[in-house]
Amino acid sequence: MILILKKNISKSEAEELVARLQWMNLQSMLSEENGQFQIAIVSGEDARVHPQHFLNLPQVEEIRPFNQKFKLAGRELKSERSIIQIKDCQIGGEKLAVMAGPCSIESEEQMHTVASFVAKAGANILRGGAFKPRTSPYDFQGLGEEGLRYMKQAAEKNHLLSVSEVMDPHHLDLVASYVDILQIGARNMQNFSLLKEIGKTGKPILLKRGLSATYSEFLMAAEYILQTGNPNVILCERGIRTFEPYARNTLDIAAVPILHELSHLPVIVDPSHGTGIRKMVPPMAYAAVAAGADGIMVEVHPDPDRSYSDANQTISLETFSEMMNRIERMI
Ligand code: PEP
Ligand code: MN
């Protein structure tokens with residue numbers, strides 16, 4: 001339930017109430033909506049949380065039940081869209097967030113070439129995998145820390161933010177020390193212990209939709225991160241498994257307006273994994289922008305056919321630049 005506090009309640013009074021609720025073992029989150037403090041009680045569906053107990057509190061003006069199960073990701077607690085501020089970049093604000101880079105970080109030179117090119121073409125975030133979730137254990141698994149070092153240098157030199165996937169809780173601090181945004185890949189969307197740990201880093205989290213996750217499951221995964229007190233979650237639609245075998249995945253563009261309706265969190269689209277087909281990446285990126293996505297994530301490589309991973313869906317630097325020109329004309 002949500003306790004809407006009276007208008008004259010100060011932040012410190014609201015914090016005091018949160019502390020008392022937490023002392024009672026009730027997980028509670030403080031937020032502000034329309035200049036009024038409110039406390040979401042997100043745990044403890046038992047007799048202690050009977051609304052009557054709280055209505056009598058002098059600080060409380062009104063009590064609202066949660067109708068949706070995604071309490072923190074949903075719109076009931078926060079009606080306005082969230083804007084995630086990372087250094088001088090905003091995700092969910094006016095400007096489209098463009099994350100571009102290779103599927104895997106392969107070399108220092110590759111990262112510098114890609115970073116300087118995509119920065120000039122209008123990207124603001126460099127992507128690259130250092131710990132790769134590969135279907136086959138015999139495929140390239142990523143350069144690990146060495147790769148993260150290349151990416152950090154290339155990103156900083158070109159005034160880009162950076163994003164990379166974490167698969168193992170043991171690598172959290174390491175990856176967090178190199179990148180601005182931590183990515184949870186589709187295969188780990190429901191790795192609940194990883195979600196709980198990643199939230200605690202306090203870093204912004206890019207959460208990719210699971211291969212066959214419903215919107216509700218996707219938002220409940222976000223809920224695991226938000227519940228740690230980390231509000232900075234970015235949702236990423238990256239295609240789902242359907243009966244259609246032509247494309248690697250079926251990119252669900254409707255996820256953009258639907259997730260925006262259900263949640264205040266920013267929503268981005270990955271047309272690379274979403275289609276698995278190089279030629280389909282630009283049209284689906286345009287579709288994402290037209291649908292109101294807050295950003296896109298695209299795999300780009302100086303020599304796409306030679307990519308160590310996901311070559312078929314990786315676009316060239318030239319294609320990226322043409323795509324960005326068209327996107328700039330759209331927005
Ligand atoms: C990736 O972004 O490199 C990746 C592996 O994506 P996904 O988890 O969506 O398959
Ligand atoms: Mn990839």
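For this chain, numbers begin at 1 and follow the sequence in order. Any value given below was found using the heavy atoms of this structure, including those in side chains, with hydrogens, waters and symmetry copies removed. For ligands, and for the atoms within them, numbers begin at 1 and follow the listed sequence.
A heavy-atom separation below 4.0 Å is found between P133 and ligand 1.
The closest non-hydrogen atom to atom 5 (C) of ligand 1, taken over R209, E165, M99, comes from E165.
Residue-ligand proximity, G185 to ligand 1, at heavy-atom distances under 4.0 Å covers atoms 8 (O). Residue-ligand proximity, E299 to ligand 1, at heavy-atom distances under 4.0 Å covers atoms 3 (O). Listed by number with element, the atoms of ligand 1 under 4.0 angstrom from any heavy atom of R238 are 7 (P), 9 (O), 10 (O). Against a heavy-atom cut-off of under 4.0 Å, R187 is close to the following atoms of ligand 1: 7 (P), 8 (O), 10 (O). Using a 4.0 Å cut-off to heavy atoms of K132, the atoms of ligand 1 that qualify are 3 (O).
Counting heavy atoms from C-beta on, the side chains of V175 and L182 come closer than 4.5 Å. You'll find the side chain of L143 reaches within 4.5 Å of the side chain of Y150, heavy atoms only.
Judged by distance alone, the side chains of Q313 and T275 never bring a donor and an acceptor atom under 3.5 Å apart. Side chains of Q38 and S31: a donor-acceptor N/O pair is present below 3.5 angstrom, by distance only. Side-chain atoms of E145 and Y178 form a donor-acceptor pair, as typed in the model, at a separation below 3.5 Å.
At least one N/O-N/O distance between A186 and ligand 1 falls below 3.5 Å. Geometrically, ligand 1 and D270 share no nitrogen or oxygen pair separated by less than 3.5 Å.
Ranking the protein heavy atoms by distance from atom 4 (C) of ligand 1 puts H273 NE2, 3.4 Å first. At the top of the distance list for atom 6 (O) of ligand 1, counting protein heavy atoms only, stands K208 NZ, 2.9 Å.
For E15, the CD atom sits in a packed shell: over 12 heavy atoms of surrounding residues, nucleotides or ligands are nearer than 6.0 Å.
Looking only at its N/O/S atoms, H273 has NE2 as the one nearest to the Mn ion (ligand 2). Residue E299 approaches the Mn ion (ligand 2) most closely through its N/O/S atom OE2. Restricting D310 to its N/O/S atoms, the shortest distance to the Mn ion (ligand 2) is reached by OD2.
For the side chain to side chain donor-acceptor pair (under 3.5 Å) with D310, the lone residue among H301, H273, R278, K132 that qualifies is H273. Of the candidates V300, T314, V281, V114, F320 forms a side chain to side chain contact (heavy atoms under 4.5 Å, CB included) with just one, namely V300.
Ring planes of H171 and F131: parallel class, angle under 30° (limits at 30 and 60°).
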